[in-house]
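As the structure is a prediction and not an experimental result, all values here were calculated from the model.
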Amino acid sequence: MSAAVKSYAAVDLGASSGRVMVGRVGPDSLELTEAHRFPNRPVRVPEGLRWDVLGLYAGVLDGLKAAGQVDSVGIDSWAVDYGLLDADGALLGNPVHYRDSRTEGVAEKVWATVPAEELYAATGLQYAPFNTLYQLTAARSSAQLSAAERLLLIPDLLTYWLTGEQGTELTNASTTQLIDPRTRDWSYDIASRLGIDLGLFAPLRQPGDPAGVLRGAVLEETGLTGPVPVTAVGSHDTASAVAAVPAGRERFAYICTGTWSLAGLELDAPVLTEESRAANFTNELGLDGTVRYLRNIMGLWLLQECVRAWGETDLGALLLEASKVEALRSVVDAGDAAFLAPGRMPERIAEACRASGQPVPESPAEVTRCILDSLALAHRKAVQDAQRLAGHPVDVVHVVGGGTRNALLCQLTADACGLPVVAGPTEAAALGNVLVQARAHGLAGDLAGMRRLLVRTQPLTRYEPRAGTERWRAAQDRLAGN
């Protein structure tokens with residue numbers, strides 16, 4: 001292997017599993033291999049739904065041991081959730097899961113102080129009941145928050161345990177609803193009006209900034225030889241995934257697929273209009289001054305929950321059967337918060353179809369086709385709305401993440417959008433994580449250069465739209481009650 005090739009460990013934590021990937025990067029090469037994968041199993045305790053963050057940290061340590069000697073480590077994860085530390089730096093209880101019920105009804109209390117229109121104009125963040133701002137409001141009278149001296153978002157918490165250094169990475173901070181996307185700094189006015197102490201947060205840091213070196217105890221446990229630097233990456237997994245969209249100079253939309261579908265555009269400035277707020281688009285921060293203008297869609301969570309309810313399932317056979325089911329027979333709103341909580345997903349989808357007067361899907365194949373048609377329809381609407389609201393037309397849709405393995409979903413998305421879909425890479429978040437580390441250490445160029453390297457090195461599949469967008473428009477009207 002050339003001496004110019006360096007190795008980077010990407011810790012990529014998803015809602016259902018974590019993985020440590022090793023990226024080997026050279027001037028014209030990029031290879032990614034999996035060192036270790038481990039489950040992420042939230043736990044329901046008497047006080048609510050919690051993340052097993054100690055189990056995740058153990059998985060990270062096991063993964064670094066399996067990865068072997070690397071030139072840097074970077075961590076990305078899901079957004080909004082956090083751990084609280086006391087004055088000694090000790091964790092005050094397991095972090096609360098964003099699907100916990102504690103934020104029910106909290107948004108209305110916030111809006112009584114800062115109306116929703118003002119909140120959006122200041123922070124650009126879509127309404128989601130689990131945004132960090134609402135979580136902190138819900139926790140205001142809790143003993144844990146009263147005792148807390150520091151709040152660290154999940155990737156920053158794990159980085160702190162690895163290095164002993166504290167920071168708040170910007171792309172993830174932008175999901176808290178406490179960042180002004182124009183200044184890329186805290187929204188001090190919003191925090192003050194809502195009684196949120198921004199002093200709880202560690203100083204902001206950017207993707208590519210140094211985040212410390214592995215502690216001696218970590219080196220001993222993993223068998224690595226120090227010093228091993230830890231590098232801040234786009235620590236919100238979507239920020240890393242969008243950085244790994246293999247786009248050239250074409251005008252593109254992206255859909256980051258997995259438990260969630262995040263569908264939207266990469267812009268130079270936020271869109272803070274009232275029309276944008278009403279359409280529930282968010283302005284999150286990305287690499288190099290970019291804005292991720294997108295809509296959250298429930299994503300493959302719907303299918304994951306159904307598969308969990310059905311028990312042992314051959315997913316390949318299920319998708320093949322679903323491809324034979326009549327198209328657009330029944331669709332549901334894949335962005336409906338009614339599908340947010342776990343449990344009884346096949347029944348809830350059936351109930352939604354029944355309530356809207358559509359045929360009720362009964363077999364697993366019918367339910368699966370309903371889900372995939374509904375996701376493609378939601379992708380269509382998000383891509384159309386984003387172009388209109390931002391005045392930013394597109395020619396192609398890039399699909400990255402786990403959903404790229406689902407050829408039926410990719411083809412349906414091309415059909416629904418009436419645009420070519422380029423699918424890949426599957427491990428986009430890990431690749432974006434690796435490339436930001438490589439760039440920080442002089443082995444990758446700017447964002448465009450990173451993307452050119454991805455185009456040259458990663459397998460991509462193109463899906464051309466099939467005729468018949470009219471039926472998708474009709475299904476969209478049917479879902480809207482028109």
Side-chain angles (χ1 to χ4, degrees), residues 247 250-257 261-265 279 294-295 297-300 302-303 306 315-336 349-350 352-354 356-389 392-401 403-424 460-482:
E250 75 268 29
R251 301 178 298 181
F252 69 93
Y254 57 81
I255 305 171
C256 301
T257 59
S261 280
L262 299 310
L265 308 172
L294 59 88
R295 175 182 285 156
I297 299 162
M298 210 61 69
L300 287 167
L302 299 171
L303 184 55
C306 286
L315 191 57
L318 179 62
L319 292 173
L320 180 61
E321 286 301 307
S323 70
K324 301 172 184 176
V325 173
E326 179 187 347
L328 297 167
R329 179 172 176 265
S330 304
V331 289
V332 298
D333 179 359
D336 192 337
I349 288 170
C353 292
R354 187 178 297 110
S356 57
Q358 301 177 88
V360 176
E362 295 178 352
S363 70
E366 289 175 347
V367 173
T368 299
R369 184 56 187 256
C370 173
I371 289 170
L372 297 182
D373 281 347
S374 300
L375 286 178
L377 197 60
H379 293 164
R380 165 193 165 91
K381 183 158 174 46
V383 169
Q384 287 182 336
D385 288 349
Q387 293 177 82
R388 174 177 53 83
L389 293 164
H392 186 97
V394 304
D395 306 312
V396 63
V397 178
H398 281 273
V399 175
V400 299
T404 60
R405 298 188 186 98
N406 191 321
L408 179 55
L409 177 59
C410 293
Q411 183 62 63
L412 292 174
T413 297
D415 296 344
C417 294
L419 291 167
V421 161
V422 176
L460 307 174
T461 304
R462 187 178 178 95
Y463 297 84
E464 295 294 340
R466 298 175 296 198
T469 55
E470 181 56 44
R471 61 179 181 166
W472 291 95
R473 187 180 302 114
Q476 195 166 298
D477 289 344
R478 186 170 83 232
L479 195 57
N482 297 335

Any side-chain heavy-atom pair of Gln387 and Arg251 under 4.5 Å:
no
Do Ser374 side-chain atoms and Val332 backbone N/O form a donor-acceptor pair below 3.5 Å?
yes
Working for side-chain contact (heavy atoms from CB on, under 4.5 Å), residues Tyr254 and Val400:
CA-CA 8 Å; Tyr254 57 81; Val400 299; 5.8 Å; no
Is the side chain of Gln411 donor-acceptor paired with the backbone N or O of Glu464 at a distance under 3.5 Å, no angle test?
yes
Is a side-chain donor or acceptor of Thr461 paired with a backbone partner of Ala423 at a separation under 3.5 angstrom?
no
Taking all heavy atoms of Thr469 and all of Gly418, pick out the closest pair and write down the distance.
CG2-CA, 3.9 Å
Minimal heavy-atom distance between Gly403 and Leu300, with the atoms involved, is CA-CD1, 3.9 Å
Would you check if Arg380 and Gln476 make a side-chain contact, meaning some heavy-atom pair closer than 4.5 Å?
yes
Rounded at 0.5 Å granularity, tell me how far CZ in Arg369 sits from CG in Leu319.
10.5 Å
Are Val396 and His398 packed together at the side-chain level, in the sense that at least one heavy-atom pair is separated by less than 4.5 angstrom?
yes
Which heavy atom of Ala327 sits nearest to which heavy atom of Arg471, and what is that distance?
CB-NH1, 3.6 Å
What's the separation between atom CG in Asp373 and atom OG in Ser330, rounded to the nearest 0.5 Å?
9.0 Å
Between Ala416 and Ala376 the two heavy atoms that sit nearest each other are CB-O, 3.5 Å
Nearest non-hydrogen partners of Pro361 and Val367, listed with the distance
CB-N, 3.8 Å
How far does CD1 of Ile349 sit from CG of Asp336, to the nearest 0.5 angstrom?
11.0 Å
Any chance you could lay out the side-chain contact (heavy atoms from CB on, under 4.5 Å) test for Met298 and Leu303, step after step, and finish with the verdict?
CA-CA 10 Å; Met298 210 61 69; Leu303 184 55; over 6 Å; no
What pair of heavy atoms forms the shortest contact from Val360 to Cys353, and how long is it?
CA-CB, 4.4 Å
Do Ile297 and Ile255 come close enough that some side-chain heavy atom pair is under 4.5 Å?
no
Considering only heavy atoms from C-beta outward, does the side chain of Phe252 approach that of Val394 to under 4.5 Å?
no
For Glu366 and Val325, indicate whether the former's side chain and the latter's backbone hold a donor-acceptor pair under 3.5 Å.
no
Is the closest basic N to carboxylate O distance between Glu321 and Lys324 below 4.0 Å?
yes
Is the backbone of Ala386 close enough, under 3.5 Å, to the side chain of Arg295 for a donor and an acceptor to pair up by distance?
no
So, taking the atom named CG in Leu412 and the one named NE2 in His379, what distance separates them when rounded to the nearest 0.5 Å?
10.5 Å
Out of the candidates Thr413, Leu302, Asn406, only one should pair with Leu372 under the side-chain contact (heavy atoms from CB on, under 4.5 Å) rule; please name it.
Asn406
Please check: side-chain N/O of Ser261 versus main-chain N/O of Thr257, any donor-acceptor pairing under 3.5 Å?
no
Could you state the interatomic distance from SG (Cys370) to CG (Leu375), rounded to the nearest 0.5 Å?
9.5 Å
